[in-house]
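Working notes, beginning with the structure itself.
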Amino acid sequence: MKGGIFVLSGAGLSAESGLKTFRAEDGLWEDHPVEDVATPEAFARDPELVQRFYNMRREQAAKAEPNPAHRALARLQAEHDAPVYLVTQNVDDLLERGGAREVIHMHGALKDALCATCGHRWAAPMVMDIKDPCPTCGTPATRPDIVWFGEIPYHMDTIQEALEDSDLFVSIGTSGVVYPAAGFSQMARSLGIRTMELNLAASGGRFDEVREGLASVVVPDWVAEILGG
Ligand code: APR
């Protein structure tokens with residue numbers, strides 16, 4: 001037994017903190033089509049529109065509070081006697097604000113800005129402006145540090161190593177349709193790792209066990225089971 005636990009989370013983890021998921025009927029992609037706001041092409045075409053979308057999300061995320069699911073995962077990371085890898089597709093910082101020590105943000109983070117020219121990263125202001133220059137090289141084309149559709153997610157080597165160090169893979173609040181994250185459960189199975197899904201409604205992916213319910217309920221219950229109460 002290696003003992004590690006690999007947790008992959010998605011928008012459902014933060015839904016009860018008041019942050020919209022993407023693919024629900026009233027989800028974010030309904031009012032803001034992906035191709036308008038979440039691709040490099042969209043940013044090249046209309047950077048102001050893209051910045052407005054992420055400024056809106058940054059403000060909402062800053063006002064949101066961690067919910068019991070975030071706090072339970074932080075507790076698991078602090079108290080489990082082997083590594084707990086918190087890999088998230090979420091760009092909010094609610095896991096960190098819920099007490100998590102280390103979070104792997106594979107799709108970037110709203111709190112960071114990125115210079116597309118020199119690669120420098122810095123703390124984004126609450127309202128980013130396309131005209132704000134990069135503090136290092138002076139280029140004006142600064143962007144939110146978000147992995148858009150068509151771009152390569154961050155930390156893939158770390159994620160592979162984390163999977164190899166785990167005995168349990170748990171998917172929480174993700175529809176499992178966006179790759180490469182959608183392929184992690186299959187990778188886990190091929191490594192002989194037990195797989196679980198905790199979701200409001202089962203995604204339809206292949207897991208050894210599926211528990212349906214609100215993240216704020218099923219996640220703390222599962223963490224209590226792992227930690228023995
Ligand atoms: N508790 C648990 N699960 C929930 C809750 C809740 N309160 N509310 C919704 N869910 C589940 C839904 O059942 C769904 O499976 O959360 C999932 C949300 O799915 P998506 O909206 O597709 O979000 P996600 O899987 O995180 O999307 C992946 O796609 O748009 C891109 O880059 C974006 O990181 C995002 C990626």
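Atoms within each ligand, like the ligands themselves, are counted from 1 in listed order.
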Selected option - heavy-atom contact closest to atom 14 (C) of ligand 1, from Thr21, Leu214, Asn199: Asn199
Parallel, tilted or perpendicular: ring planes of Phe169 versus Phe6, cut at 30 and 60 degrees: parallel
Electrostatic pair Glu151-Arg143, nearest N-O below 4.0 angstrom: yes
Nearest non-hydrogen protein atom, atom 32 (O) of ligand 1: His107 ND1, 3.3 Å
side-chain hydrogen bond (donor to acceptor under 3.5 Å, both in side chains) partner of His105, the single match among Lys111, Glu96, Gln89: Glu96
Close-contact set for ligand 1 against Trp29 heavy atoms, below 4.0 Å: 30 (O)
Expected output: side-chain Arg71 to main-chain Pro66 donor-acceptor under 3.5 Å: yes
Atoms in ligand 1 flagged as close to Glu16, the criterion being non-hydrogen separation under 4.0 Å: 1 (N), 6 (C), 7 (N)
salt_bridge(Asp145, Arg121) N-O dist < 4.0 Å: yes
Ligand 1 versus Leu200: contacting region, heavy-atom distance under 4.0 Å: both
Donor-acceptor under 3.5 Å (Asn55 side chain, Gln51 main chain): yes
Phe43 versus Thr142, closest heavy-atom pair with distance: CZ-O, 3.4 Å
Proximity winner for atom 19 (O) of ligand 1, if only heavy atoms of Ala181, Ser14, Ser175, Gly176 are counted: Ser175
Under 3.5 Å side-chain donor-acceptor pair for His70 and Glu16: no
Under-4.0 Å heavy-atom contact with ligand 1, by part of Gln89 that carries it: both
Residue Ala15 vicinity, atoms of ligand 1 by number, heavy atom under 4.0 Å: 8 (N)
For Thr174, the ligand 1 atoms whose distance to one of its heavy atoms is below 4.0 Å: 15 (O), 17 (C), 24 (P), 25 (O)
Minimum-distance protein heavy atom relative to atom 35 (C) of ligand 1: Phe22 CE1, 3.5 Å
Heteroatom distance test (Val177, ligand 1): nitrogen or oxygen, under 3.5 angstrom: no
OG1 on Thr21 to CG on Leu13, rounded to 0.5 Å: 12.0 Å
N/O separation below 3.5 Å, Ala11 to ligand 1: yes
Closest approach of any protein heavy atom to atom 10 (N) of ligand 1, naming residue and atom: Gly12 CA, 3.5 Å
For atom 17 (C) of ligand 1, the protein heavy atom that lies nearest, with its residue and separation: Gly173 O, 3.4 Å
Trace of the side-chain contact (heavy atoms from CB on, under 4.5 Å) decision for Leu86 with Gln77: CA-CA 8 Å; Leu86 298 178; Gln77 191 175 54; 3.9 Å; yes
Residue and atom name of the nearest protein heavy atom (relative to atom 1 (N) of ligand 1), distance in Å to one decimal: Ala215 N, 2.9 Å
Which of the ligand 1 atoms, numbered from 1, are nearer than 4.0 Å to a heavy atom of Gly10: 26 (O)
Glu209 side chain reached by Arg194 side chain, heavy atoms, under 4.5 Å: yes
Arg23, portion touching ligand 1 at heavy-atom distance under 4.0 Å: both
